Each structure stands twice: as structure tokens, then as C-alpha cells.
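Worksheet: the structure to be examined is printed underneath.
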Amino acid sequence: MRRFLSVVLAVVLLLTVCSPVLTARAASFKDVPASYWASDEIKALTDKKVITGYADGTFKPEGKVTREEFAKMIVVAKGLSLVTPAKPTFTDVAKSRWSYGYVEAAAKAGYIVGIGGGKFGPTAQIKRQDMAVLLVRVLGQQSAASAIKEPVTMSNDESSISSYAIGAMTIAVRPRVQLLRWDKFRNLNPTVSATRGDCAYAIYNTIVPPASGKKSVTIAEENAPENLFPLISDSAYTMKAVTFLASAPISVTPYGITYPEMAKYVPSLANGHLIRNADGTVISDVELRKGMTWSDGKPVTIDDYIFSHKLYMSDDIQVVSRSPMDLVTKIQKINDYKCRITWKSWDAYIPTGWSIYPEHILGPQFTKDPKSINTSDFNNNPVYCGPYVVKTNVQGQYITYAANKNWFGGQPVFDTITERFIVDTNTLLINMLTGTIDVSSESLPLDLAQQFEAKMGNSFNVYYNKGTSCGVMPWNISSPWFSDKRVRQAFYYGIDRALVTKKAMVGNDPVLSPISSGSAYYKPVLAKYTYDPDKANALLDAAGWKWNAAHTQRTLPDGTAAVLKVPFSQGAAFREREITLMQPMLTKLGITMQHDPMDFDALLDSETNGTFIITLHGVSFDNYDPYGSVLSFRSDQIPTQANGMQGQNVTRYKSADMDKWLYAAQAATTSAALNEAYSHIQDIFAEDLPTFYLEQRMYPDEVRKGLKGYDHFFSSTVYNVWNVQYWYWFK
Amino acid sequence: MRDYVIRRILGMIPLILIVMIVSFAIFSMVPNPFAALIENPRIKRSDIDRLIKAWGFDLPWYMRFFRWFGGVIRGDWGPSLLYPGSSARDVIALALPVTVRLMGIEFLVALAIGLPIGILSAIKQYSMTDYVVTVVSFMGMSMPTFWFGLLLMMLFSVVLKRPSGMPLLPPGGILTPGLEEASFWVKFLDRAQYLVMPVIVLAFSSIGSWARYMRSSMLEVIRQDYIRTARAKGVPERSVINKHALRNAMIPIVTLIALSVPAIVGGASITETIFNIPGMGKLIIAAETKADYPTAMVGLMLISILVIVFNLLADIVYAWIDPRIKYS
């Protein structure tokens, strides 16, 4: 009996160990990892036997599909019976052809009409726009498609859509259809052949449309928005909430790519809508799509856009940022949808322009009393033209958004979205553990996110996103402390930045470049500074920093003791931890580091006035505009009386070589020229080290499994809800 | 008495002015909130300078005070910095009812439980009941509210569930999204369930204090000669306690109750934060740390005026229930 039991036990154990492996193998292809963008759709269609893989266990998701193969896929997916008429519909699909029954079935159902001349082109690869045309017919929306005369696809290659596919492509990217996805440059590539992955995705969404699942989602935020009018708010939570409500003429993806949303195109040198004159002035065109309405039904015109500029520039309104609107010298209205703007000088944000506000609501108030805009009813009950409108706003608790069914990009998937605001992170964690929240982004600190993952990892994905914010210790190069490059290099070698970052619980990696790691021009030039206290000591010796007799403390070449007070913003707990962690590392170099908590205003004043030695605070990079983060290395940016102490180069770094490449980057108009300039800028930075970068912050996102379209990333200028109208529950 | 009250009311005016100036000066020690904007890559130093000027942070505190006070006299308490786009008065007006509801219920619950157990504890001094009441009272007074609050939430929201799988009690907040159009009673019950845990947490800490106050006041009275006399002449024990002892023991308690009323408006910042209640406590702390002096001042002045008024009321009530006290 005992022997029998042990055999049973052994078998059970063996099964327990093997079964997950067996199921995992059966359900997937070896070249389709779970992270592949269409892996869920491929798996679901394989399970339904609509598509099959190859004998070697692969699916070849990037392989191309012929038109006859696609016809077969859709016939199988729709469960149509094969049709074999005596007379072939197309001259190039003969009765003897393997696909005959499928092509005829699809033709009979009205899905395919051929390529003209009685032909179908069975062996030609199917283009993405043709796939859209075909599937829009399957969806029964061909009459709606033929009524569309101008494309609304919010893509950078909208103009390359063939005229016959304009309607279908417009419908194909609508939130409740989603047959196609944009690539990372925000192109739809209409004339490119569809891959097997593309086809699986499109067919799945045809037979199970995105709106088939639950049509609501609950999102938790750490703070409530200050108001719903970003013109007068600096709060990220305001920007985030307004992301649901407002579309912009030109938007930027989290990866720094501009794309036309309300506008028809992004002005560029290539399309001729952006002109950079020899005298430095710039001209750009803004052309809005026709037929868009505000959520109250009033039409959107270029007058709204021109009026919005007046709001930005009014001194009576507490506008937070006027960049780049303050560079505008002239706005010329061309027609009701188009204007031409003249700018004083170049700025990376010129192509994106500014946000658009409704003149029919704010105009009369502004004319009567511009100051009244500061406390206008609009601030909390706004009218925009985005995918959602405010349904209920219980201040400090939650906002419920309802779908704006008239959104120009198509009806959003979710009917309602609830955004809850929970300030205390422990309370937020408890709320998340109850399972009543679907998405939380950048709210839980690293340790709580890990706890959450340990408990709820089965039903939630936790993404650890590298942020665009980081820690920086600007040092004063005009002070005796940091004037010698070797000392600056010694700090980079003598401080284990990776360890400080991890132990201070703010991230996993140190900053490796003065340009955002999400930027196309990023080069990890600081990786060469690995922790090496011996090298650091040798550099300090060479720089003339002498040890005392007891070999416990160094003195600077001018004789002052190497005691470094590091000012940081009062109450910033993790900055305090970072200094504590750096202290023993610097002790090894004979430098005593001390905490110096300070009022943040005073800290910044000391930087501007040049009365500081070193400070520690945060800074954010911008994936879209790398120039913003390197401008502070240009010598004309050193704050002086002449520039009204407005310069950003507080470290007082000067290098003719750096200046040369910074000006080159500013003047560059091609990506090759930009690439070259940014490459040099980063190399010079890594050699000269104008400032000391510390941690690259990490922000965890917790997202319920099955939420499709969620794009996890971190950007300090674009929020996780940037594409919320396209999210849906996978069914 | 009338002269006394008039004199006291007139005395309040300079007092309120002094409170105003001192609190304004203290709030002005918080640096302006715009410096941190430097971390935003889209905001320039010139934008920050413009904002500092627009909000008056370039002026010394006393100049800002006169500017603000000028507005107050005209009935304008200034715009909120915490919620730009709203006036400080509107921001307070949203938080006030939330706090009054929470703290009012908590106050009544604490009195309704604390006072009887204090009396019981006093008349059964050194009994098991007395010991249990004393231990529990001290526990309640010394337990940190944030810890107790989180513990309750773990129990009633994460561990204990309804048959539907939803938490037994909602973990923080004040109402359920989606019930805005529901009937009065549905909304009433919905709001009530959100109050259960915060009221337990707050009441537990104050029940202890009320029980201890009541117990010592009662003990002091029942040792008096007139209680012994009452008992000696055969008055039933129930009447001794209710008629003779309790009435006299209530004199200091009534004063304490009057003095505690302003706290109903002040809120409880920690409990409000833990339970995600957008009340006055949380608001005033947030306003103070973000240099939103207009909002902080409205809140603080409201509380200060209530404290001053209820002090006067306490004095009047004191004279009314204790005939030995006379104001002239």
C-alpha cells in the first residue's frame, strides 16, 4: 500500500511539474513571444483554427500574406462554406487552384471584388490598405466608408493612402474597429504588404470587435487635478485629466514622434509647411480638419486656434508656460481652417504649436474682463473636443468621463472611465488589493509595487518603466572645487551611481547620457564611468588634492579642507538617502560629504547667482526635444546681468567645441545632421562632465491583464492615458 | 452679564486681527511653490519669474498681507494656489460639509459611548469593569490613527468580502462612482458605509478621553459630603447618581464639549488622508505645504473664530449651569 501511494505521489508530482510546460508549448509558437504585439490574437485565432503555424513550430509573424491566403483566412474566420461555381468569377483564379473555393466564397459574400479587369491577383501580397478595404466590407461598413472623402487617420503618412482606400483606412483606425495599428513613427504604411501578424490582428478584431468586452475601466491616480484648464495649471494631474477631454492640433507620442490629430499634417520642411528663413525666422502652417465639433456641438475653426494664442499671451491670466507661443510675431488667417504663423526664431516645439480652446465660450469672458478667466466656470467644467467629456466631477474623489460619441476620430471603446484619486500610497495599495482598480500608473513607489506584484501578479501586469526624470548634482565649475576636469571625473569614478540608485529605492540604473534614454539620439556615453575608487583617488592626486598626515581627509589645492555640503530640498527623503549612501564612497576619496537641507527657492537662487558649490535635485528630460536638456551646456546660457540672469548654464561650463556642436544642433534640419551634432555633444559631455547625473527614476505601472492598447512607458510630458480612447478588454 | 458679553465680543476683534497677522506671517515662511517647476522641461525660468510676480511672491510678507487683507475687507478671500481656477472660499466650501459630516457623527458617537462608560467606570471604581474601561481607553488614546485605519481597511476591505466579491466596506472615499443619479436612500446608505471605518478610528481615540474625563469628574463629585448626605438620608442609589452626582459632574464636561465643537470644522488630517476623505484637515495641511495661503487662511480663520466664539459660549453656559459663578 505504501509503495502504491508513493508511486501515485510521484506521478502526481511529475504531472504538476510538467503540466505548465506542456500547456505553454501547446498554446504558442516559438517565434511568437508573449510580448509580441499581436500574440493574443494569434493565439486566439490558432485556437479557433482560423490560422495555423508551420510544421517546425513557428508562425513567422513577419512573413507576408498573399491575397488568396487572406481570402482563405477570412472565409474560415467567418465560418463561410466553400463555394465552387462552374464558372470562375476571376480569370486568374481557376477551378483547379487550391484557393478556388475560398476566393469564390469571399466573392459571393461580397468581401472581394478583384483588382479590375476580371482579375483577383491571387499571388500578389495583400497591402495593408487593401486589407482594410476588404475587412471594412466584412464589417458591413462599405457605404459609410464611401461617404468619407478626407482621411482622418492621425498618421504621418495620411497623404500616401490611395484614394479608393481613404474611407476604409479612416474606419480601420477608429477605436471601435482597430484593424490597423500605427508604427513607432506614427505611420500606417498603407501601401506596404501586410504581415501574418497584421492579418491575425485585423481578422481577430473583425470577428471580435474591440467593443465586445466590458466597456468601462477604473484608473487610480495619486492626486486629483487642480482644475481642468492646463493654461493656468502646472499640475501633471491636470494635464492627465485633460488628456481624456481634449485633442490637440498636433500631438506627440510618448516616444517623441509628432503626428497630426486635429490638424491635417505636421508642418515640416519636407511637406513645405515649415520654412526656416536665412534670418532665423520661421514660418509654419496650421490646417485643421473640417467638420470637427466641440463637445457642445459648435464647430471648431482656426479662429479658436488664433484666439487661444491671445489667451497664452495675456498678462491678466496666470498662464503657466508660454513656450513657444512667445516667439510668435504674426498670425495670418488664410481661411476658416488654416493659418500661417511667423516665429521670431526656431524652437523644437514650433511644429506642435499650442493647445486649442473654444472661443465661443472663453471669448466673451475674455473681452469683458480678461482677469475673469482665472476663476472662470470653464476651469472645472470645460468644453473640449477630445474623446471623452466630464460626466461627474467629485472634487478630490473621482471624475467619471463619458465617451464623446461625436469625437472626430470615432466613438471611443469605453462608454465610461472612472478616474479615482487616492493620495496616500498605502490606501492606494489597499484599494488595488481589493481588485476594484484596473490601472494605476506612476503612483505606487517601487517597494509597494513589488508587494503588489507578489500578491496580485496573476491578474495584473506590473511594468517597471524607466523614467525621463532623474537626479542631478550641478557643480560650480567656476569654484575651486570643480574647475579641474580630473576632479569631476574622480566623482564619476568614485561614486557608485548604480548602487546609490538601487539602495535609495528610486530606480535601477544611473543616468548614462545628458539626453533622454527614450530619444532617438541617445548614446550611453557615461557607461564608461564604472565604480573605481582607485582610479578616482589617482585622478584627485593628479589634480593636486593632498591627503592629511593621517590619510583620512584631503585638502583642495588652495588649502581648504575637502568638506562638501550638499544642499537639497527640505523634506526630500530620498535625496537625503542618496547623500547618506554617497558619504562612505566619498570618505574613501578623502572627501567629507554633509547633508544641507535647504529651501528649494534659495537653492535655485544660489545656482543662478553662482554662489553654490554643488546642489542635488531633480530634472526631467523630454523625449521629443533633446535640445532642452543640453542647452544648459552652452556658454551664452551662463546667467549674467546682460541676459537678466535668465541663462540656464548654472554650472558655468564653457567649451568652444561644445558650443560649436550645440549651435550645429540648433541649426540642423535633417536627422543625419542632428544625429551627428548630438553624438558629438554627448561625447564632449562624457569627457568634460559639466554636471553630475545620478539616478534615472523608475516608475511602476500596474495594469490588469487583458487590457489591450495600454502603452506602458514613462514620459514627463506625455501621460499613460494618451491613447485611452483605443484601450479595450480583450475577449 | 450683558455688559460682560458685549465686552467679550468687542475684545474678540483685536484678537482675531492678531491671529490673522500671526498666522499669515507663519504661512509666509513656506517658500513659494513655483521653484519646483524647474524640473519640468517645458517651463522656463522666465515663466517661473512671471508666476512669482503674478501671485505676489516677490513682495515681502507684510506687503502681501496688506494686499490680501484689502481683499478680505471687500469680501474677496483670494484665489486658491492649490486649485488654481477656483477661489479659496469655494475650495473650503467643498471640504467643509464633508468634514462636518464625518467629525459631527464621530463627536456624537464618542460622547454617546464615552460618557456612559466613564460614569460606569467611576461608580464601579477598582472593579473589573473599571480596569477594562481604563485599559481600552488608554489603548484607544495611544493607538496611532494611521496604523489603526490601515489595519481596519485590510480587515474590512481586503480580507472580508461580500458574496459579490466586493469589499465588505469600501477602503476609503466618500461615495461610490456611478450612484449620482440614485434615489436619496440609496445614496444615504452608500455614504454611510464609507463613514463606518473612519468614525470607528476617530471615535475609538476620543471615546477614551471622554470616558477618562467623565470618570474623574464623577469620582470627584461622588466623594463630596452632599452625596454621602443623600445616601445617608436613604435616597435610592439611582437618584443619588442621576440627580445629585451626574448633574454636578457634568459642569466641567459641558465646558469641554463646548470647547471641542470647533474641532468638528478643523477635521482630522491623518484620518482624512488615510481614508481618502477630501475634508478640511487634509485640505488645510495641503494648502499650508503648497503655500496656498489664501485657502489656509480661510480655513484657519474659520476655526479661530469658532474657537473664540465657543470659548465665550462655554463661559456663558458655565455661568448658566453653575449658579455659583457670576460675571460682572
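Just so we're on the same page: letters track the sequence lines, and every chain starts at 1. The structure presented is a predicted model; accordingly, all values stated were derived computationally and were not measured.
Heavy atoms closer than 4.5 Å to chain B are found nowhere in A:Phe229, neither backbone nor side chain. Residue contact with chain B, scored on non-hydrogen atoms closer than 4.5 Å, involves the side chain of A:Thr392 exclusively. For A:Asn380, the part sitting under 4.5 Å from any heavy atom of chain B is the side chain, from C-beta outward, and nothing else. Within the 4.5 angstrom heavy-atom criterion, no atom of A:Glu419 approaches chain B. Looking at B:Thr176, only its backbone comes within 4.5 Å of chain A, counting heavy atoms on both sides. Looking at B:Pro177, both its backbone and its side chain come within 4.5 Å of chain A, counting heavy atoms on both sides. Heavy atoms of A:Ser323 lying under 4.5 Å from chain B belong to its backbone as well as its side chain. The parts of A:Thr434 that come within reach of chain B are both its backbone and its side chain, each placing non-hydrogen atoms under 4.5 angstrom from that chain. The parts of A:Val320 that come within reach of chain B are both its backbone and its side chain, each placing non-hydrogen atoms under 4.5 angstrom from that chain. Residue B:Asp90: no heavy atom, backbone or side chain, is found under 4.5 Å from chain A. With a 4.5 angstrom heavy-atom cutoff, A:Tyr349 touches chain B only via side-chain atoms. For a residue to count as touching a neighbouring chain, one of its non-hydrogen atoms must lie under 4.5 Å from one of that chain's; by this rule B:Leu175 touches chain A with backbone and side chain alike.
Each of B:Ile48, B:Val91, B:Val158 has some count of heavy-atom pairs under 4.5 Å with chain A, and the biggest count is that of B:Val158. Per-residue counts of heavy-atom pairs under 4.5 Å with chain B were compared for A:Asp326, A:Asn431, A:Val423; the largest is that of A:Asn431. Per-residue counts of heavy-atom pairs under 4.5 Å with chain A were compared for B:Ile174, B:Val30, B:Leu94; the largest is that of B:Ile174. Heavy-atom pairs under 4.5 Å with chain B were tallied for A:Ile232, A:Ile422, A:Leu433; the largest tally goes to A:Ile422.
The 12-atom threshold is exceeded at NZ of A:Lys215, counting heavy atoms of other residues, nucleotides or ligands nearer than 6.0 Å. B:Phe66 CZ: 12 or fewer foreign heavy atoms inside a 6.0 Å radius. Within 6.0 Å of the CG atom in B:Leu51, the count of heavy atoms belonging to other residues, nucleotides or ligands exceeds 12. Shown here is B:Lys161, whose NZ atom has more than 12 heavy atoms of other residues, nucleotides or ligands within 6.0 Å. Residue-environment remark: CE (B:Met63) stays at or below the threshold of 12 foreign heavy atoms within 6.0 Å.
At least one donor-acceptor pair under 3.5 Å links the side chain of A:Gln397 to the backbone N or O of B:Asn276. Of the possible donor and acceptor atoms, none in the side chain of A:Asn379 sits under 3.5 Å from a partner among the backbone N and O of B:Pro84. Looking at B:Arg50, its side chain never comes within 3.5 Å of a backbone N or O of A:Gln318 through a donor-acceptor pair.
Annotation for B:Gly85 and A:Asn227: closest pair N-ND2, 4.2 Å, computed over non-hydrogen atoms. Pairing each heavy atom of B:Pro278 with each of A:Gly396, the nearest pair is CB-CA, 4.3 Å. Taking both residues in full, the closest heavy atoms of A:Glu226 and B:Leu81 are given as OE2-O, 4.4 Å, listed atom of the first, atom of the second, then distance. In terms of heavy-atom proximity, B:Asp47 sits nearest to A:Arg322 at OD1-N, 3.4 Å. Listed here is the closest heavy atom pair of B:Lys290 and A:Asp234: NZ-OD1, 4.2 Å.
The side-chain heavy atoms of B:Leu150 and A:Ile430, taken from C-beta on, include a pair separated by under 4.5 Å. For the pair B:Pro171/A:Thr427, no side-chain contact is recorded, criterion being any heavy-atom separation below 4.5 Å from C-beta on. Two residues are said to be in side-chain contact when any heavy atoms from C-beta on lie closer than 4.5 Å; B:Pro167 and A:Thr436 meet this criterion.
With values rounded to the nearest 0.5 angstrom, A:Asp377 atom CG is found 9.5 Å from B:Ser86 atom OG. In this structure, CG on A:Asn426 lies 6.5 Å from CD1 on B:Ile274, to the nearest 0.5 angstrom.
Between A:Lys391 and B:Glu181 there is no salt bridge, since no side-chain nitrogen of the basic residue lies less than 4.0 Å from a carboxylate oxygen of the acidic one.
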